[in-house]
Amino acid sequence: MKKGFGVLRIRGELREKGLSGTLIEQALEPVKNEWAECIAAAHQRRFGNTAPTDRADYGRRARFLEQRGFPTDLIVRILR
């Protein structure tokens, strides 16, 4: 989380390492309320405090956050 990766990416990497879905969910449960802060920090580090200027900029930012492993609902919320 502190490196700016989202829940989807972390979950996927843990699954690749052979952890069970149940164990992964148990590990991620304590931090489930912190993902909004994490995506905000990742967005601010990359793009500053400015809002997207046009559709192309919005798309570029959304793709960056998606590649970092954040869910679509959080991406839409942070870019509004």
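Atoms CZ and CD, from R11 and E16 in turn, are 13.5 Å apart once rounded to the nearest 0.5 Å. In this structure, CD1 in I10 is found 6.5 Å from CG in L28, a value given to the nearest 0.5 Å.
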(request) Before giving the answer on side chain to side chain contact (heavy atoms under 4.5 Å, CB included), spell out for V7 and F70 the whole-Å C-alpha distance, their side-chain angles and the decisive distance to 0.1 Å. (result) CA-CA 6 Å; V7 65; F70 292 102; over 6 Å; no
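Looking only at distances, no side-chain donor or acceptor of R15 sits under 3.5 Å from a matching main-chain atom of S20.
Within the 4.5 Å cutoff, side-chain heavy atoms of H43 are placed close to those of L79. Inter-residue side-chain proximity for L8 and W35 is flagged as unmet; no heavy-atom pair is nearer than 4.5 Å. A 4.5 Å side-chain heavy-atom check between I78 and L74 finds every atom pair outside the cut-off. With contacts defined as side-chain heavy-atom distances shorter than 4.5 Å, the pair T50/R61 qualifies.
The two residues G4 and A42 make their nearest non-hydrogen contact at O-CB, 4.1 Å.
Under a 4.0 Å N-O distance rule, the pair R9/E13 qualifies as a salt bridge. Salt bridge E66/R63: absent, no basic N to carboxylate O contact under 4.0 Å.
Results of the side-chain contact (heavy atoms from CB on, under 4.5 Å) test with Y58 over V76, T53, I75 single out V76 as the only residue that passes.
For R77, there are no side-chain hydrogen bond (donor to acceptor under 3.5 Å, both in side chains) partners at least two apart in sequence or on another chain.
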